[in-house]
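For reference, the structure discussed in these notes is given below.
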Amino acid sequence: MRLAQLYEWLPDALCGVLDRLPGPVREQMEEIRVRQDRPLEVVYGSESSFVTPEGAVTDDPSAAWRPDRGLCRSLLERITRHSLYAVEEELRSGFITVSGGHRIGLAGRAVLENGSVRRLRDIAGFNVRIARERIGCSAPVMPAIVDPSARTIRHTLIVSPPQQGKTTLLRDVARAVSAGDWRHPAARGWRGRKVGVVDERSEIAACENGVPTFDLGPRCDVLDACPKAEGLMMLIRSMSPEVIAVDEIGRPEDAAALREALHAGVRVVATAHASGIEDLLSRPVLRELVAEGLFRVCVFLSRTGGRVTHRIVTAEEVLCGRPGRQAVRSGAAPRDAPLVPAARPAAGAGARVPRAETDAARQIPARGGNHG
Amino acid sequence: MVAGTLIGFAQAARYAARPGQIRELIHALKRLETEISYGQTPLPEALARVGGVLAEPLRRIFLQAAARLKERRETTAEACWTEAVETVWPDTAMRAGEKEALLRLGASLGLSDRADQLKHVRLAMVHLEAEETAAREEQRKYEKMCRSLGVLGAALVVILMV
C-alpha cells in the first residue's frame, strides 16, 4: 500500500525496473538510490545491490541500469510536483518528504547566499528512503522506559546511526503511549496518555492534509512540517500533551525548547544521531541534555544482519561512561522483519555488559511483514 | 456579397479580439505570479486556479496544461505546457509573438526558485505588453479597413459577375 503510494511519485521507467525485482528484495527494500548516468542501487535488509534493466540484482556495476538525465529531471519534477519554488525550504535542508512518509534525499550543487546554503541545483543524486510501519516494534523497549510511579514514561532518548530504525521505533513508542499499550506488569489498567508529535520532516506521522497516515494511536496530535523548537512550545501552549515525541534533536534551540517542556511537566521521547555513548557525549547539545538529567534513559539501536539490538542505558550510566546495565536484544529489525511478541529479560551473568535476549529472535523471512 | 462581407467582418473581429486576449493573458500571468510568490501553490493547482477564472479560449490553455500535469507520469512541465498551447492556439486571435513569449515561459515553469520564477513570469508579461501595444496599433489601422475591404471586395466581385 505504502509502496504503491511511493510508485506514484516515480517515473514509469524506474517503476518498471523496480517491479521486475525479485519479491523478497522488493519487500525488504529500504532505499532506492538513483544517480544520474550511474548504476541504480537498491538497499534491502542490510545489503545493497545494483539493478539490471531486467530487474535482477547484481554486484557488477557495469551490468546495471543507468538512469539518464531525462529520468532524473522527470523524477525531480514529479517529487516536487513540477514546482521547485514551492519546496524551497525542503531543498535547503536537502530532502523532500512525499505522501506515505517516504523521504527522498537530494544531492546536487549547492547555491550559496551570504555563505549559507540557499538551495540545491543540478540535482543528480536521489536517495528514496522507504518508510515502514512496524506496529509493536517498541514492545521490547517499553518495559524499560515506563515510569511506574508517575504512570507514564521516562524522558527517553533513542540513539543510533542513520538507517537503524530510530524513527520507526519513535513512531511505535508514540503509538504505544497514546494507545495505552504499556507492556509493563505495573501498568495493567493504565490508560493511554495524550501524545503530541512535532513532525518536522513529515516522517513520523506522514500526515496527509493534517491527518496521520501511520497508526499513532487514538490520543495523538501532530504538528506537521513544523520546526522542532517552535513546535514544542506551540504544542505545550495549545494541546496540553502529556508526552511529546520529536525526531532528530541536536541544535541548541532544540535543547532550550526541551528544557521548557521538562519544566512544563511533559515527558519527552526524542531521537538523535550518534553511533554510541562516546559519540553522544561528543555532541555538545546532547551531552548537556544528558548531563542535566533531562533524559533519564537512552536507548541505543544497532543493527547487524537484519537484527536490531536495543541497549537501554540510564543517564547516570552514560555519564559514568559505563556502557549499560541492562540490555535487551530483539531479533526483529523495526524496518524489515516481523516484531518479537514480547521481551523476556533474563539476567545475563558475569559479563561487563550483561545482556538479555528475547527467546523469539528470528531471521528475516523472505516474505511477510505488516507493511503494505 | 454576404460571404465577402462576413469574411471582412471576421478578419476585423480578429484584429479587435487580439489586444483583448493579450490583456487577459497578462492578467492571468499576474495571477500566476501571486500563486507562485505568496501561495507557493504547486504548479498543477496554480494553473487550474488561474485558468478557472479566465474566458475561453485562454481558459483551455491553463486547464489543459494543469490536467496534463496531473495525469502524465513521464513528461515535464515544459512538455505539458507546450502541448496545451499548441492545441488551443488556432482558436485564439493571437499571433506568433505572443506564442513565443508563452512557450519561452513554459521552458522555465516550475524549474527554479521563487525569485527566478517571478523573473520569468515578469519577462513574459513585458513581452506581451509590447505585443499588446503593437496589436492595438494594428487594430486601429486595419479593423475598419478589413470591414470596408470585405464589403467593397464583395461588391467588386458582384459587379464583375454582372
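Just so we're on the same page: letters track the sequence lines, and every chain starts at 1.
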Quick check for you: to the nearest 0.5 Å, what is the distance between A:Ser83 atom OG and B:Glu45 atom CD?
8.0 Å
Segment of A:Arg118 engaging chain B (4.5 angstrom heavy-atom cut-off)
side chain
Please report the shortest heavy-atom distance between B:Arg114 and A:Tyr85, naming the atom on each side.
N-CB, 3.7 Å
What is the distance from atom OG1 of B:Thr76 to atom CZ of A:Arg78, rounded to the nearest 0.5 Å?
11.5 Å
Pick one of side chain, backbone, both or neither for A:Arg73, based on which atoms fall under 4.5 Å of a heavy atom in chain B.
side chain
If you compare all heavy atoms of B:Ser112 against all heavy atoms of A:Leu84, which two are closest, and at what distance to 0.1 Å?
O-CB, 3.7 Å
Who among B:Asp113, B:Leu118, B:Leu109 has the most heavy-atom pairs with chain A under 4.5 Å?
B:Asp113
Using non-hydrogen atoms only, which part of B:Thr41 is less than 4.5 Å away from chain A: side chain, backbone, both, or neither?
backbone
Please find the pair of heavy atoms, one from B:Ala77 and one from A:Glu77, that lie closest to each other, and give the distance.
N-OE1, 2.8 Å
Measure the OG1-CG distance between A:Thr80 and B:Leu111 for me, rounded to the nearest 0.5 Å.
8.0 Å
